[in-house]
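Along the sequence shown, residues are numbered consecutively beginning with 1.
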Amino acid sequence: MDMRERVNSALKQAMKDKAADRLTTLRLINAAIKDQEIALRGADGDGQIGDAEILAILGKMTKQRKESANAYEEGGRLDLAERERGEITVIEEFLPRQMDDAETDAAIDKAIDDLGASSIRDMGKIMGVLKENYTGQMDFGVVGQKVKDKLCQKG
């Protein structure tokens, strides 16, 4: 079952269960997917996105909600922060398991070795390989800094 089917079946189940908060989040996911398809339709005429693009959308949605939850907490709005965390939980059901630090470091080392990267100029190539192979499994904001650190140690 592809990502779109998983989201749609979860949406139908949430309707049957009358789970309002879950239903709202699943509708937001569907809307984000459709928005991306509409944008692509204008660009190249196809308008179909695959699982990799959907994973990228879900990762972006998760990141946005984490930032919002932190901002709400700082502002003393714990009710809104909790709602954002609830949405994160629903979105993360569709994301692959997140890699831990050791797995992330091993993946970075492998990409560096496979490409024969030796300087910071190779960072774009390394990030491209990592995004191609591990989309949705690692936080690329953190990974970027780790790659930079490892390349600076080499160079």
Side-chain angles (χ1 to χ4, degrees), residues 1-101 103-108 110-111 114-115 120-148:
M1 182 183 308
D2 73 350
M3 293 294 291
R4 184 185 324 276
E5 291 170 1
R6 286 180 54 206
V7 171
N8 284 330
S9 75
L11 185 89
K12 289 174 189 170
Q13 189 61 47
M15 284 182 194
K16 290 177 188 173
D17 296 344
K18 297 188 182 347
D21 292 341
R22 181 174 171 76
L23 184 60
T24 301
T25 303
L26 292 167
R27 284 182 173 152
L28 286 171
I29 292 170
N30 252 351
I33 292 170
K34 287 179 182 168
D35 286 346
Q36 186 69 34
E37 287 178 339
I38 289 168
L40 286 175
R41 205 175 303 143
D44 65 8
D46 181 16
Q48 289 296 318
I49 62 174
D51 285 354
E53 291 91 349
I54 293 173
L55 286 174
I57 291 168
L58 295 176
K60 184 177 178 183
M61 290 176 77
T62 302
K63 182 179 178 185
Q64 289 171 337
R65 277 151 185 78
K66 285 179 181 175
E67 291 170 357
S68 295
N70 289 337
Y72 286 139
E73 273 186 1
E74 289 172 11
R77 296 296 309 267
L78 300 180
D79 55 328
L80 295 175
E82 194 57 39
R83 191 179 81 205
E84 294 291 327
R85 286 200 181 80
E87 289 183 7
I88 291 168
T89 303
V90 173
I91 295 167
E92 286 180 340
E93 289 176 27
F94 301 98
L95 291 172
R97 181 186 67 80
Q98 292 291 302
M99 297 172 75
D100 63 27
D101 285 340
E103 292 170 321
T104 301
D105 289 338
I108 292 169
K110 183 178 181 327
D114 289 352
L115 292 171
I120 197 74
R121 284 179 273 160
D122 298 319
M123 185 166 170
K125 293 177 192 172
I126 295 165
M127 292 299 288
V129 167
L130 292 172
K131 285 183 180 182
E132 183 179 318
N133 295 321
Y134 302 105
T135 297
Q137 296 178 32
M138 50 174 71
D139 179 356
F140 286 101
V142 173
V143 169
Q145 188 60 47
K146 286 185 174 193
V147 170
K148 188 183 285 185

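When the side chain to side chain donor-acceptor pair (under 3.5 Å) test is applied to Gln145, the partners found at least two apart in sequence or on another chain are Asp149. Applying the side-chain contact (heavy atoms from CB on, under 4.5 Å) criterion to Met99, with sequence neighbours excluded, gives Glu103, Thr104, Ala107, Tyr134, Gln137, Met138. Here Arg121 pairs with nothing under the side chain to side chain donor-acceptor pair (under 3.5 Å) rule; sequence neighbours left out. Remark: Asp105 pairs with Lys146 by the side chain to side chain donor-acceptor pair (under 3.5 Å) rule, at least two apart or across chains. Listed by chain and number, the residues in a side-chain contact (heavy atoms from CB on, under 4.5 Å) with Ala71 amount to none (sequence neighbours excluded). By the side chain to side chain donor-acceptor pair (under 3.5 Å) test, Asn8 pairs with Asn30, sequence neighbours left out.
For the side-chain hydrogen bond (donor to acceptor under 3.5 Å, both in side chains) condition, the pairs that include at least one residue of residues 13-24, sequence neighbours left out, are Gln13-Asp17, Arg22-Glu93. Here salt bridge (Lys or Arg N to Asp or Glu O under 4.0 Å) pairs that include residues 75-85, with residues two or more places apart or in two chains, are Glu73-Arg85, Arg77-Asp79. Among residue pairs with one or both ends in residues 56-67, those qualifying as side-chain hydrogen bond (donor to acceptor under 3.5 Å, both in side chains) are Arg65-Glu87; sequence neighbours excluded.
Nearest heavy-atom pair across Leu26 and Val7 is O-CG1, 4.3 Å. The minimum heavy-atom distance linking Arg4 with Ile54 is given by the pair N-CD1, 4.0 Å.
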If you look only at distance, which donor and acceptor atoms sit under 3.5 Å apart when one is on a side chain in residues 122-133 and the other is two or more places apart or in another chain?
residue : atom : partner : partner atom : Å
Asp122  : OD2  : Ser118  : N            : 2.9
Asp122  : OD2  : Ser119  : N            : 3.4
Asn133  : ND2  : Val129  : O            : 3.2

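Of the possible polar contacts, none joining the Asp51 side chain to the Asp2 backbone as a donor-acceptor pair under 3.5 Å is found.
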